[in-house]
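These notes are about the structure you will find just below.
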Amino acid sequence: MSMFQNTTSSSIIFLLTGVPGLEAFHIWISIPFCFLYITAISGNSLILFAIVTQPSLHEPMYYFLSMLSTTDLGLSISTLVTMLGIFWFNARKISFNACLSQMFFIQLFTVMESSVLLAMAFDRFVAISKPLRYASILTDLKIAQIGVAIITRGTLILTPMVLLLKRLSYCRNHVLHHSYCFHPDVMKLSCTDTRINSAVGLTALITTAGVDSVLIIISYVLIIKTVLSIASSKERKKAFNTCISHIGAVAAFYIPLISLSFVHRFGKQAPPYVHTMIANAYLLIPPVMNPIIYSVKTKQIRRAVLKIVHASAAKN
């Protein structure tokens, strides 16, 4: 690979990577990815439309679901252009500033997804533990404040992490290993000391997904404790059923994240395309799976979506 001389950050051009070793099959590989993007965007848009237009869904649980769908849409759109651009047109070049912008939004929507899942765990805890006070605790104002806090938290934590990349010099080859800009990937191309960047990145990960996952586990420990204290087995089953969709969404988010971490740490001998495919799937699985999970397991959402589909079909 060619070596680049150190340049100002504004003039740096990075080269994104599709699926190493399978470049000849990019067009074919793009087909399942197109299907996943279409599923993610249409599914989350439909759920958002259903929640906005159906008065029966104007409840705290569904407001949080609308936040989840919004973050999933943002996450899908953040990677769509570069990923399909590589597969369809071999458009690998991306400027430094565009790379930082994409990185920021990918990280922001990922952190927001983790935060929303935590908020949804709190929603389920209040609904099961304090059902009589549910409406008074999770008011519209409180939910709006939680939404603002989620955005503010992500922005304040991630802005320094991204901006610190501007102080680095990039005098090595400018080839990234993913089809989107990933913080550790960009950082590794620097020929200057990146210890501060690594520390800030690790801190951001621990204070977001790390803290959120622990608090979600604590929430479910308290939920289980409350449910087990219910005398009626029928009521216990009903209470657990209200959590199934959320548990599925948590699994769809954290299992790919953990799998990616294991592959990076223990799968160094695996072919490069394995790392790339898992990295791409990590960002696509939650947006694809969440609408399916909530449509299948939540009766109110399923009814609302079917109502919209039938109304649309009747007009045509």
Side-chain angles (χ1 to χ4, degrees), residues 43-44 46-48 50-52 54-72 112-150 153 208-258 285-286 288-307:
N44 285 291
L46 189 58
I47 284 184
L48 267 177
I51 293 172
V52 170
Q54 301 297 315
S56 62
L57 299 180
H58 292 176
E59 298 178 8
M61 173 183 173
Y62 304 113
Y63 290 145
F64 286 125
L65 178 56
S66 70
M67 293 182 194
L68 187 66
S69 292
T70 300
T71 60
D72 283 337
M112 286 175 61
E113 178 126 0
S114 175
S115 302
V116 172
L117 289 172
L118 174 58
M120 295 174 86
F122 175 69
D123 167 78
R124 290 299 83 207
F125 168 70
V126 174
I128 292 172
S129 301
K130 305 179 186 297
L132 299 179
R133 296 180 56 200
Y134 180 68
S136 62
I137 293 175
L138 289 173
T139 62
D140 290 352
L141 175 60
K142 184 65 68 177
I143 292 170
Q145 290 172 340
I146 291 173
V148 171
I150 287 171
R153 175 204 191 200
T208 54
V211 171
D212 292 348
S213 60
V214 171
L215 292 177
I216 288 171
I217 292 172
I218 293 173
S219 297
Y220 271 98
V221 169
L222 296 174
I223 287 171
I224 291 170
K225 183 179 178 181
T226 302
V227 171
L228 292 178
S229 67
I230 299 173
S232 169
S233 60
K234 184 178 179 181
E235 290 299 317
R236 286 200 298 268
K237 183 178 179 181
K238 182 179 178 182
F240 274 129
N241 282 339
T242 64
C243 299
I244 290 177
S245 296
H246 178 253
I247 292 172
V250 170
F253 179 78
Y254 280 102
I255 289 176
L257 175 62
I258 294 169
I285 287 176
V288 170
M289 291 304 300
N290 288 338
I292 296 173
I293 291 169
Y294 276 92
S295 295
V296 170
K297 299 303 296 182
T298 308
K299 184 165 58 177
Q300 292 87 341
I301 290 292
R302 185 167 64 251
R303 285 176 177 174
V305 169
L306 290 174
K307 184 178 179 180

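Computed from a predicted structure; not experimentally measured.
- Contact annotation: the side chain of Phe125 never approaches that of Ile218 to less than 4.5 Å [non-hydrogen atoms, C-beta and beyond].
- Closest of all the heavy-atom pairs between Glu113 and Leu68 is OE2-CD1, 3.7 Å.
- Within the model, atoms NZ of Lys238 and OG of Ser232 stand 10.0 Å from one another, a figure rounded to the nearest 0.5 Å.
- Between Phe240 and the options Ile230, Ile128, Val227, a side-chain contact (heavy atoms from CB on, under 4.5 Å) holds for only Val227.
- Of the N and O atoms on the side chains of Thr208 and Ser114, not one donor lies less than 3.5 Å from an acceptor on the other residue.
- Heavy atoms only, all atoms of each residue included: Tyr220 and Ile247 are closest at OH-CG1, 3.6 Å.
- Rounding to the nearest 0.5 angstrom, the gap separating the NZ atom in Lys307 from the CZ atom in Arg303 is 11.0 Å.
- There is no side-chain donor-acceptor pair under 3.5 Å between Tyr294 and His246.
- Using a 4.5 Å heavy-atom cutoff, the side chains of Met67 and Ile143 are in contact.
- Counting only distance, with no hydrogens or angles, the side chain of Ser229 and the backbone of Thr226 share a donor-acceptor pair below 3.5 Å.
- With hydrogens and angles ignored, the 3.5 Å screen pairs no side-chain donor or acceptor of Ser295 with any backbone N or O of Ile292.
- Once rounded to the nearest 0.5 Å, the distance linking CG of Leu215 with CG of Leu118 reads 5.5 Å.
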Self-check item: Evaluation steps, side chain to side chain contact (heavy atoms under 4.5 Å, CB included), between Asn241 and Ile244
Solution: CA-CA 5 Å; Asn241 282 339; Ile244 290 177; 3.3 Å; yes
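- Contact of the Phe253 side chain with the Ile285 side chain is not registered, since no non-hydrogen atoms from C-beta on lie closer than 4.5 Å.
- In terms of heavy-atom proximity, Met289 sits nearest to Ala252 at CB-CB, 4.1 Å.
- The nearest pair of heavy atoms linking Arg302 to Lys297 is NH1-N, 4.3 Å.
- Side chain to side chain, Tyr134 and Asp123 meet the donor-acceptor criterion of an N or O pair below 3.5 Å.
- Between the CD atom of Gln145 and the CD1 atom of Ile150 there is a distance of 12.0 Å, given to the nearest 0.5 Å.
- Of all heavy-atom pairs spanning Val52 and His58, the tightest one is O-NE2, 3.2 Å.
- Checking side-chain atoms of Ser66 against main-chain N and O of Tyr63 turns up a donor-acceptor pair under 3.5 Å.
- A distance-only check finds a donor-acceptor pair linking the side chain of Thr242 to the backbone of Ala239 [under 3.5 Å].
- Side-chain contact between Ser69 and Asn290 is absent, with no heavy atoms from C-beta onward closer than 4.5 Å.
- Side-chain atoms of Gln54 and Tyr62, non-hydrogen and from C-beta on, never get closer than 4.5 Å to each other.
- In this structure, Arg153 places its CZ atom where more than 12 heavy-atom neighbours from other residues, nucleotides or ligands lie under 6.0 Å away.
- Ile223 approaches Cys243 most closely through the heavy-atom pair CG2-SG, 4.2 Å.
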Exercise. Any chance you could lay out the side chain to side chain contact (heavy atoms under 4.5 Å, CB included) test for Met61 and Thr298, step after step, and finish with the verdict?
Key: CA-CA 11 Å; Met61 173 183 173; Thr298 308; 4.2 Å; yes
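- Looking at Thr139, its side chain does come within 3.5 Å of a backbone N or O of Lys142 through a donor-acceptor pair.
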